[in-house]
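This report refers to the structure that appears directly beneath it.
First listed ligand is number 1; within each ligand, the first listed atom is number 1. Predicted model only: the values in this text are computed from it and were never measured.
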Amino acid sequence: MKKILTIIFLSAALQLHAQKFEGLALTPPMGWNSWNTFNTKISEDLVKHTADIMVSSGMKDAGYVYLVLDDGWMSKERDNNGNLVADPEKFPHGMKAVADYVHSKGLKFGLYNCAGTLTCAGYPGTRGYEYQDARLYASWDIDYLKFDWCNTDGINAKEAYTTMSKALKTAGRPIVFSLCEWGTNKPWEWAAPVGHLWRTTGDITAQFDSLRNEGTWVSNGTMWIVDMQVGLQKYAGPGHWNDPDMLEVGNGMKPSEDRAHFSMWCMLAAPLMAGNDITKMSQASRDILTNKDAVTIDQDPLGVEGFRYTAANGLEVWAKPLSNNNWAICFLNRSSSPQKINFDWQKENIYDSVSKQQFNASASYKIFDVWSKKNLGNTSSPLSAEVPSHDVLMVKLSR
Ligand code: GLA
């Protein structure tokens, strides 16, 4: 009896402290976001066209379901009641009509705002309007909110994001809450009860392994972002993910670099938010984004982020434990020349400290190459291969 009462008390206490909607984002969210390609040049037509293509291109079937409008969807002023207003030129039928269209395609719809007084692009921020904005989003049937961190001088990040999380909860519609605080205040240490994903870094840019000077700040090439994930593995899990920013596949890197970038996001159990113009996407970009074997690694229900196992001379080996004691292994060549590998599985000791999963070196796992779709034998003999520059060999091991 005492035990039952304790369980009832504990679950009631947990409910009281549960700030966010639980059960959302049990695997990393997947979708498309307007920012990386369109900045603030967004419109109802763009949303409709993108939604149509998400369905017809196979993106939706591959798992990309959230269509998210980033900064620039609002008018510069709130209305007389203090409500946010969708820019009437960009969205002549209002935002509810846009949400309805997206929903009619079997997709989900998301919007952006900011914890500060203004968004990064200078539109009205949510500071002081958290509950009112949350009610508006719920009335428009929004499914996802990305919440940025510009113009927040003097604000405590944990408090600001907690307030918005509570406002969403109070408004009553289950909304995935995506924190975009750039890792400044280590959200991985406090955001799991507050949101479903949190950015770990500043903005990404479509460069492979370099920084880009943006004037007053720098954006990060894909491999710089990968380096910044090291040490954060233990903070991610079902319902609460490290977010290394949106994808740059199709935005100007070489196909091999896009493939390496995408593979690493899958190894990291990262949210997969495409950031290219999918209405004009090349077959190469489409093939990368919709590679079901890669996506399945990202979306594995065990929900464990991969980790860097070894790194030497620009060649890195990353490992991700998967359900059923399977593994994903990614050989990543960051160097400017091809690299030969001769990986003797039986001599390796691959252990994941988060899931406590151990690679069984004496067992024979089947090896499947996720990109060539070929079986590469099994782990009883060493794997010999050449990995081209700025590319990967990504395999799934199963028994
Ligand atoms: C910040 C975010 C980006 C994007 C822009 C919009 O830079 O980190 O992802 O949302 O703001 O202005």
Taking [atom] as the reference point, the nearest protein heavy atom with its distance:
atom: atom 8 (O) of ligand 1; value: Asp203 OD1, 2.5 Å
atom: atom 9 (O) of ligand 1; value: Lys146 NZ, 2.8 Å
atom: atom 12 (O) of ligand 1; value: Asp71 OD2, 2.8 Å
atom: atom 1 (C) of ligand 1; value: Asp148 OD2, 3.0 Å

Assess the side chains of [X] and [Y]: does a donor N or O sit below 3.5 Å from an acceptor N or O?
X: Ser75; Y: Asp87; answer: no
X: Asp298; Y: Trp265; answer: no
X: Thr126; Y: Asn113; answer: yes

> Side chain, backbone, both or neither: which part of Thr40 has a heavy atom under 4.0 Å from ligand 1?
Replying inline: neither
>> Would you say Met264 ends up clustered with Val317 if hydrophobic residues are merged whenever their side chains have heavy atoms under 4.5 Å apart, either directly or through other cluster members?
In response: no
> Are Leu332 and Met228 linked, directly or through other ILVMFWY residues, by side chains that come within less than 4.5 angstrom of each other?
Replying inline: yes
Under 4.0 Å to a heavy atom of [X] - the qualifying atoms of ligand 1, by number:
X: Trp182; result: 2 (C), 8 (O)
X: Arg199; result: 8 (O), 9 (O)
X: Cys120; result: 1 (C), 11 (O), 12 (O)
X: Cys180; result: 2 (C), 8 (O)

> Do side-chain atoms of Asn375 reach the backbone of Gly377 as a donor and acceptor pair under 3.5 angstrom?
Replying inline: no
> Would you call Asp209 and Arg334 a salt bridge, taking side-chain N to carboxylate O under 4.0 Å as the test?
Replying inline: yes
>> Check this for me: does any side-chain nitrogen of one of Glu257 and Arg259 sit under 4.0 Å from a carboxylate oxygen of the other?
In response: no
> Does ligand 1 have an atom under 4.0 Å from some heavy atom of Thr119?
Replying inline: no
>> I'd like to know if Trp149 contacts ligand 1, where contact means a heavy-atom distance under 4.0 Å to any ligand atom.
In response: no
> Has ligand 1 got any nitrogen or oxygen that is less than 3.5 angstrom from a nitrogen or oxygen of Trp35?
Replying inline: no
>> Geometry only, no angles: is Asp70 polar-contacting ligand 1 at N/O separations under 3.5 Å?
In response: yes
> So, for Ser285 and Asn276, which heavy atoms are closest and what is the spacing to 0.1 Å?
Replying inline: CB-ND2, 4.3 Å
